[in-house]
Amino acid sequence: MGIRSVSIRGVSWLDTSSGEHAKRDIVVHGGVIAEQSGESADLTIDASGLTGMYGLWDCHAHVGGLMYDPDAQGYFEAPAARTIRAGVNLAQAARMGITGVRSVGECDDIDLALSRAHEAGVPPGLRLRGSGCALKTTGGHGVAYPREYVRMRGAMTVDGPIEVARAVRHQVSRGAHWIKAALTGGLYSEHETMDGGQFSDEEIEALMTTANQRGIPVAAHCGGSDEAMRFSRLGGRSVEHGYALDEQAAAVMAKASTWLVPTIGVTHDSSFISEDGWPSHAANRAAASIQRHREGLQACLEAGVRIAVGADLNPIGPRLHREMELLEEVGVDRLTVLHAATIGGRELNGLGPESLPEPGAAADLVLTEGSPLDDPKVLRDPALVMAFGRVLKGEGTEHWAPDWKR
Ligand SMILES: [Zn+2]
């Protein structure tokens, strides 16, 4: 019999809404925080002296993504090999305090398969919400000719409202948690601009009408204000990147409760961009977008747009921590960053707005030596990481070893 309940004692919990710390003993039962902290548990962890909070979320990830892949590792890579890389990426991320990942564009439903495996606990892993393949139009964002992967499909190319609707329905049938669509150009592909539209009005309407009818949220790769406003007004859930958002777009997004996942690192992290070997068209476009990208984020913060944190870069663990540092560097205060990176991710993914452990909340937690508010670096190597109520790192990990007899 596996462990069903875990008692965690002595932790000082950081409330990322207020910046206050609160001592609270909790019991985790069946993956959620239990009503009664006093009830006996199968396992008791004395965590006196540690600080706790909800785990981090990378809300814009490509779990097996290779970006520009200068050594062509992915060119003939088989789905099995990519799946293994994605799994290792997620395992490392979990050890670095990330308990949730939203995958927005991945080949062959690798993310959806890993999501189901982790939720079932075989093997135990972080919480993964995925879109499977992204939707793009012909010649649209995501083309990196000639380096198309030949053995698997990373995106669905759709033209016209009928194909768009069919693709959304297909993704729903695959078990996708999100629909991802590339509404504008970006940095990656050569023959586009980072804010130029790539879906027609009819295509965006088909996308949103079909997704809304099926009750599935849509995340839009979206650089420009016009598309961000159209998408938000039709019920779009999250604008990704927002390279060139103006105040008007920010106001529309705030009114429509559309989130922003700014992925500030893809324009601001110039040392990573050069190390990663981006081609000149992308590196130049990134550098040229820095100012507008930053101003768009500021406009959204001022308008009250909710923010979640996503790195869009691999490996997920190190890159998400870097994204959080960069957000501070562009002027977002630390508490806002910590809240966006934890509770923002939970709320965007339907796990509720609680910022302290409350009964019924999903038990995705990290415990650190020292408070992340004093030094966020403590989150890079937490003392304990828990997702779905299972300990992924730290005391008690052995209790969730997969049962290979099944
Ligand atoms: Zn992306």
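Counting convention: from 1, in listed order, for ligands and their atoms alike.
Distances from the Zn ion (ligand 1) to each N, O or S atom of His62 single out NE2 as the nearest. The atom name of the N/O/S atom in Asp312 closest to the Zn ion (ligand 1) is OD1.
Note on Glu358 versus Arg24: salt bridge recorded, some NZ/NE/NH1/NH2 to OD/OE distance being below 4.0 Å. Between Lys393 and Asp381, at least one side-chain N (NZ, or NE/NH1/NH2) sits under 4.0 Å from a carboxylate O, which counts as a salt bridge. Salt-bridge check for Asp246 with Arg292: failed, with every basic side-chain N at 4.0 Å or more from each acidic carboxylate O.
More than 12 non-hydrogen atoms from other residues, nucleotides or ligands lie less than 6.0 angstrom from CD of Glu328.
Metal site remark for the Zn ion (ligand 1): His221 contributes no N, O or S atom at a distance under 2.8 Å. For the Zn ion (ligand 1), the N/O/S atoms of Glu240 include none lying under 2.8 Å.
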